[in-house]
Amino acid sequence: MTAGRLDEVLNPRGTQTPTQLSPLSPRLQDFKNKKIYLVDLGKPESDTVFDALEQYLTEAIPAAKIIRKRKKLTYFVNEPELWDEIQRN
């Protein structure tokens with residue numbers, strides 16, 4: 001170490017700011033007249049996963065309507081019209 005030189009040692013753990021916890025949403029009693037949106041982000045082979053998921057949900061929850069959407073843009077680009085449609089329904 002050179003005379004007069006100070007080195008600062010940092011704590012690698014960092015500090016975590018406290019977060020506000022919120023309770024879980026109340027659970028639905030049933031899925032009658034409800035819609036379940038499956039939003040595909042366009043990852044490779046995601047169509048295979050969504051095909052299986054859609055088939056499973058259709059059989060497991062016949063009272064619900066399964067709606068499948070694929071984002072037009074990449075994962076990092078927001079699509080407000082898609083999220084608005086989902087919230088409206």
Side-chain angles (χ1 to χ4, degrees):
M1 184 184 289
T2 308
R5 179 177 155 192
L6 276 172
D7 291 328
E8 182 179 0
V9 178
L10 302 175
N11 183 343
R13 291 183 296 175
T15 57
Q16 185 173 358
T17 56
T19 57
Q20 177 74 29
L21 299 178
S22 40
L24 296 174
S25 297
R27 298 297 171 224
L28 298 173
Q29 296 299 318
D30 62 48
F31 284 92
K32 186 176 182 181
N33 299 320
K34 301 295 182 198
K35 297 174 185 171
I36 299 174
Y37 274 81
L38 302 177
V39 180
D40 185 350
L41 302 177
K43 300 270 186 181
E45 299 300 319
S46 62
D47 54 335
T48 305
V49 173
F50 277 93
D51 288 344
L53 181 58
E54 184 176 16
Q55 180 180 352
Y56 170 78
L57 290 173
T58 301
E59 294 168 4
I61 312 171
K65 180 177 180 182
I66 310 300
I67 300 171
R68 193 164 157 179
K69 294 286 184 170
R70 185 175 182 126
K71 277 185 58 76
K72 296 173 188 166
L73 304 172
T74 67
Y75 173 80
F76 299 104
V77 179
N78 191 19
E79 293 183 39
E81 64 280 349
L82 173 61
W83 310 125
D84 288 344
E85 175 188 337
I86 293 170
Q87 284 188 327
R88 279 194 314 272
N89 290 308

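- Listed here is the closest heavy atom pair of Arg68 and Asp47: NH2-O, 3.5 Å.
- Other cluster members for Ile61: Leu28, Phe31, Ile36, Leu38, Phe50, Leu53, Tyr56, Leu57, Ile66, joined by side-chain heavy-atom distances under 4.5 Å among Ile, Leu, Val, Met, Phe, Trp and Tyr.
- Heavy atoms of other residues, nucleotides or ligands lying less than 6.0 angstrom from NZ of Lys34 number 12 at most.
- Residues Leu24 and Leu21 fall into different hydrophobic clusters, defined by Ile, Leu, Val, Met, Phe, Trp and Tyr side chains chained together at heavy-atom separations under 4.5 Å.
- Clustering ILVMFWY residues whenever any of their side-chain heavy atoms sit less than 4.5 angstrom apart, transitively, puts Val77 in a cluster other than the one holding Ile86.
- More than 12 heavy atoms of other shown residues, nucleotides or ligands fall within 6.0 angstrom of atom CD in Glu81.
- Taking the side chain as every heavy atom from C-beta outward, Trp83 and Val39 approach each other to under 4.5 Å.
- Interatomic distance, CD of Glu45 versus NZ of Lys43, reported as 13.5 Å (0.5 Å rounding).
- Shown here for Arg70 and Ser46, the closest heavy-atom pair between the two residues is NH1-OG, 4.5 Å.
- When hydrophobic clusters are built by joining Ile, Leu, Val, Met, Phe, Trp and Tyr residues whose side-chain heavy atoms come closer than 4.5 Å, directly or via intermediates, Leu82 is grouped together with Leu41.
- Between the side chain of Glu79 and the backbone N or O of Lys71 there is no donor-acceptor pair closer than 3.5 Å.
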